[in-house]
Amino acid sequence: MTATTATQQDAQGDDRYLVELEHVEKHFGNLHVLRDINLKVKKGEVLVIVGPSGSGKSTMCRTINRLETIDSGVIRIDGQPLPKEGRALAQLRAEVGMVFQSFNLFANKTILDNVTLAPIKVRHMDRTQAEREAMDLLARVGVDSQANKMPSQLSGGQQQRVAIARALAMHPKVMLFDEPTSALDPEMVNEVLDVMVELAHEGMTMLCVTHEMGFARKAADRIIFMADGQILERGTPDEFFEHPQTERAKDFLSKILTH
Amino acid sequence: MEGFISLFQQYNVPAAFLVNLELTFWSALFSAILGIVLVLMRISPIASMRHVAGGYVEFFKNMPLTIIMVFMVLGAFAQLKLSFSDNFETNFFWLAVVGLSLYTAAFVCESLRSGINTVPLGQAEAARAMGLNFMQSATLIIMPQALRGSVAPLGNTLIALLKNSTVAAAASVATETSSLMSEMIEFRPDVIIQIFLIFAFGYVILIIPIGLLTTFLSNKLAVRR
């Protein structure tokens, strides 16, 4: 599918857009990492971002909660432009859940405290209620039996599932996944993907940067393909995997799908 | 041996060591507080704060302690009329504490910063991504992990502080060890070696436990990742 038909499709939806990027540009020194990125994500949509390494997909994902600043352009979350540093930005970040490649669980806190920390400190929820919700979430991702351990005592897959629970504890409007399975041993990838697929089916709005094409096929409503800081293709999983339009995408798919 | 006994009878050596310990205690306390403030400024998102703290650290780190101590007496006290007490002895004691604290805070800040550098960037990113503000991420996530990584350099700073407390002689604190040692050398030149050994071993005995404690703590508190 070409960019124009993708935009038409966006415009037809009557659901509101939770994430909007307009003409976003970013440089790292001389490197032009994001070139005129335009993207709209509807409520409940699961968007999967694929592309070769260094294509800017992680950077784009990180600009959405301003872990990376942008040079120009506009990013809106649920209609609100992304604030600069300060309280407004912190509040907005609380609405956007983020799951990192390297889990980033707080190493000085137990699993339970990792999940309850932000609800207590940012949402001012009382401890009993925060712990009850946290235990429900941990049970949902299957690590409730580990609640009192430290992060380093868990396997990578377990840590990543805790990280998802930790993000969900803030009841985010949208979840960002920045290569959530790339740092995992192969046998732990599926336990994390299963949780993500389940979330997708529950209607969570998700942006996932991933190399897991199986997940992309199964859970994505839409796929975008990035290379050299640009969005080259947008389409449904079927369109993208069966009929890639650009040479870059064909080349990329031929390299990852041959085995 | 008789030399030692007569020296201990003639001079109150433990009292002099106690003065150094008191100087060290108060300076450690104040420089810890100031050092934490400085390091928070150094990692803060506000550029002017970072520059002020950076300038402070560079200034005091590169300034000889003796100059700071002499300034406390001749500059801060004599010219700027900074005074803590009408009692000369008390006044000079606190002037020395201020000088030592200002100086040591720069090193406390650097020790803590080296600890902060051991905390992976992802910890701060995760904290920010969840909506914690700078002070919350610093006090709940970054500093607790940084402190553990800073135990060894902080221990070294404390050892240096205890030894540096002898420079209080330059701030006219006449009751501490190096002043007493000069006095003893002047009046008892017959037992120079014994005088030397008393102070050398005195400090070794005080400092060895600090070293053992920091090694113990840095092993015990190490953050597992």
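Below, chains carry the letters A, B, ... as their sequence lines are ordered, and counting in each starts from 1. Owing to the predicted nature of the structure, the values given are computational and were not obtained by experimental measurement.
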Report which part of [X] has an atom under 4.5 Å of a heavy atom belonging to chain A: side chain, backbone, both, or neither.
{"X": "B:Glu125", "result": "both"}
{"X": "B:Ala127", "result": "both"}
{"X": "B:Leu121", "result": "neither"}

So for atom [atom1], which belongs to [X], do other residues, nucleotides or ligands contribute more than 12 heavy atoms lying within a distance under 6.0 Å?
{"X": "B:Phe216", "atom1": "CZ", "answer": "no"}
{"X": "B:Glu89", "atom1": "CD", "answer": "no"}
{"X": "B:Trp26", "atom1": "CH2", "answer": "no"}
{"X": "B:Lys163", "atom1": "NZ", "answer": "no"}
{"X": "A:Glu22", "atom1": "CD", "answer": "yes"}
{"X": "B:Phe196", "atom1": "CZ", "answer": "no"}

Item to check | Which portion of A:Arg87 sits near chain B, non-hydrogen atoms under 4.5 angstrom | outcome: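 Contact with chain B: none, neither part.
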Next on the checklist: If I measure from the heavy atoms of chain B, does A:Met170 come under 4.5 Å with its side chain, its backbone, both, or neither?
Outcome noted: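 For A:Met170, the side chain is the part near chain B, not the backbone.
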Closest heavy-atom contact between [X] and [Y]?
{"X": "B:Ile141", "Y": "A:Leu117", "value": "CD1-CD2, 3.7 Å"}
{"X": "A:Val122", "Y": "B:Met130", "value": "CG2-O, 4.0 Å"}
{"X": "A:Met98", "Y": "B:Ala129", "value": "CB-CB, 4.2 Å"}
{"X": "A:Phe106", "Y": "B:Ala126", "value": "CE2-CB, 3.9 Å"}

Checklist entry - Counting N and O atoms only, with roles assigned by atom type, does the side chain of B:Gln123 sit under 3.5 Å from a partner on the main chain of A:Leu105, one being a donor and the other an acceptor? => result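 Judged by distance alone, yes, a pair lies under 3.5 Å.
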Checklist entry - If only atom types and distance count, is the side chain of A:Asn108 paired as donor or acceptor with the main-chain N or O of B:Ile142 below 3.5 Å? => result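 No; zero donor-acceptor contacts below 3.5 Å.
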Item to check | Spacing of NZ belonging to A:Lys121 relative to CE belonging to B:Met135, to within rounding of 0.5 Å | outcome: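 Answer for the NZ-CE pair, A:Lys121 versus B:Met135, is 12.5 Å.
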